[in-house]
There are 2 protein chains.
Amino acid sequence: MTKVSQEQLVDVLSKHQLRKTETRIHVLNIFFNNEYALAHSALEKQLGNAYDRVTIYRTLNTFEEAGIIHQVPSSGEAKFALCHAHCDHQHHQDQHLHFNCTNCKQTFCLENVNIPTIDYPKNYEVHSLHITATGVCKNCKI
Amino acid sequence: MTKVSQEQLVDVLSKHQLRKTETRIHVLNIFFNNEYALAHSALEKQLGNAYDRVTIYRTLNTFEEAGIIHQVPSSGEAKFALCHAHCDHQHHQDQHLHFNCTNCKQTFCLENVNIPTIDYPKNYEVHSLHITATGVCKNCKI
DNA sequence: GTTTATGCAAATTCTTTGCAATACT
DNA sequence: AGTATTGCAAAGAATTTGCATAAAC
């Protein structure tokens with residue numbers, strides 16, 4: 001079930017100079033095992049009320065500041081996804097399409113969609129680029 | 001200063017079978033005169049506390065349901081922008097790049113950026129497509 | 001032992017709802 | 001006149017802050 005080992009999770013925290021607490025390892029594991037972006041509420045459900053709501057807010061903030069996760073532009077609740085290997089503090093590039101389902105409210109990452117390069121004006125400093133489609137996902141489409 | 005005449009604003013409301021109230025005309029005018037997507041808070045500021053906060057919430061909901069505005073995926077607060085001529089209740093296509101400035105928090109629409117066509121899986125029903133870049137805008141870049 | 005994170009309580013802020021008064025058609 | 005919209009009050013969520021306790025280093 002678990003894609004990532006405990007050691008790998010701990011390693012991520014080490015690399016970002018964060019203390020290895022149970023909450024953080026648990027939250028990080030969920031992000032690694034999830035194919036879509038997670039909002040605070042979704043995370044809370046998955047954690048099964050094991051931790052205080054406030055702790056989850058703070059964990060998300062800490063991870064975002066550390067550059068482990070980043071906010072995914074979406075309609076409604078703020079959603080977060082893991083940063084990829086080529087992300088750093090300044091640049092977050094998601095080379096896949098985010099799909100927001102209006103029915104089940106989930107945000108999928110369609111990894112296998114080809115994203116063309118977009119030319120943006122030179123005088124704008126782009127840190128991240130997100131392509132978001134909204135509609136009905138394959139599961140909700142009857 | 002005003003790009004749109006009073007008649008045109010009233011006309012938009014008429015076309016959507018909405019009553020022509022002061023609040024709605026005022027809010028609509030702001031949307032027409034704004035080059036970027038607006039969050040509730042920004043709108044409230046521009047309206048200068050002339051109307052109740054609740055009324056603004058309801059106006060935004062009404063406009064969204066009527067198909068006059070649509071939510072723009074963003075990080076943080078929900079933001080709205082005018083629907084274009086080719087938008088209908090089901091399909092909102094923004095053929096321009098949205099740029100989220102992390103400094104001034106504004107969302108610009110870069111109209112003159114060429115957006116390539118994106119092929120998404122056939123089993124997903126896409127209603128709208130948004131491309132959002134995050135970074136520092138030309139005004140905030142020193 | 002020192003520093004940082006957690007959990008609880010409480011304060012803020014954001015958003016929605018009910019209802020009487022008002023404005024629109 | 002009849003119906004929809006507004007503003008106020010208040011309820012309900014969502015998010016943040018302060019501080020003592022507990023855990024990590």
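Below, read A as the first sequence line, B as the second, and so on, with proteins coming before strands; counting in each chain starts at 1. Note: hydrogens, waters and symmetry copies are ignored here, and every other heavy atom, side chains too, is used.
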- request: Rounded to the nearest angstrom, tell me the gap between atom CD in A:Q17 and atom P in D:dA24.
  value: 19 Å
- request: Fit a plane to each ring of A:Y124 and B:F99, take the angle between them on a 0 to 90° scale, and name the class: parallel (under 30°), tilted (30 to 60°) or perpendicular (over 60°).
  value: perpendicular
- prompt: A:Y57 side chain N/O closer than 4.0 Å to the phosphate oxygens (OP1, OP2) of D:dT15?
  reply: yes
message: Taking the nucleotide of DNA chain C with the nearest heavy atom to each, does A:R19 or A:A50 sit closer to the 5' end?
response: A:R19
message: Both A:N61 and A:K20 contact DNA chain D. Which one's nearest nucleotide lies toward the 5' end?
response: A:N61
- prompt: Would you call the rings of A:Y51 and A:H26 parallel, tilted or perpendicular, where under 30° means parallel and over 60° means perpendicular?
  reply: perpendicular
field: Any B:T23 side-chain N or O less than 4.0 Å from OP1/OP2 of D:dT6
entry: yes
message: I need the CD1-P distance between B:I25 and C:dA23, as an integer number of Å.
response: 15 Å
- request: Take the protein atom CG of A:N49 and the nucleotide atom P of C:dC8, then report the distance between them rounded to whole Å.
  value: 12 Å
statement: Nearest heavy-atom approach of A:F63 to A:R24 is CZ-O, 3.6 Å
- prompt: Where the side chain of A:D52 is defined as all heavy atoms beyond and including C-beta, which of C:dG7, C:dT6, D:dT6 is the nearest nucleotide?
  reply: C:dG7
task: Mind calculating the distance between NE2 (A:H16) and C1' (D:dA24) to the nearest angstrom?
output: 19 Å
field: Atom-pair distance (CD on A:E77; C1' on C:dC14), nearest Å
entry: 13 Å
Closest-nucleotide ordering on DNA chain C, the 5'-leading residue of B:R58 and A:E22: A:E22
message: Does C:dG7 have its OP1 or OP2 closer than 4.0 Å to a side-chain nitrogen or oxygen of A:T55?
response: yes
message: Whether B:R53 contacts C:dC14 is assessed here as follows: a side-chain N or O lying under 4.0 Å from the phosphate OP1 or OP2. Is that the case?
response: no
task: Considering just the side-chain nitrogens and oxygens of B:T59, establish if one lies under 4.0 Å of OP1 or OP2 belonging to D:dT5.
output: no
- prompt: Whole Å only: how far is the NZ atom of A:K79 from the P atom of D:dA14?
  reply: 14 Å
task: Give B:S41 one of three labels, base, sugar-phosphate or nothing, depending on what nucleic acid heavy atoms sit under 4.0 Å from its own.
output: nothing
Side-chain heavy atoms of B:L18 within contact of B:I68, under 4.5 Å: yes
- prompt: What is the distance, rounded to the nearest whole Å, between atom NE2 of B:H40 and atom P of C:dT13?
  reply: 15 Å
task: Please list, chain by chain and in numerical order, all residues satisfying side-chain hydrogen bond (donor to acceptor under 3.5 Å, both in side chains) with A:Q8, sequence neighbours excluded.
output: A:S5
field: A:E44 CD to C:dG7 P, straight-line distance once rounded to whole Å
entry: 12 Å
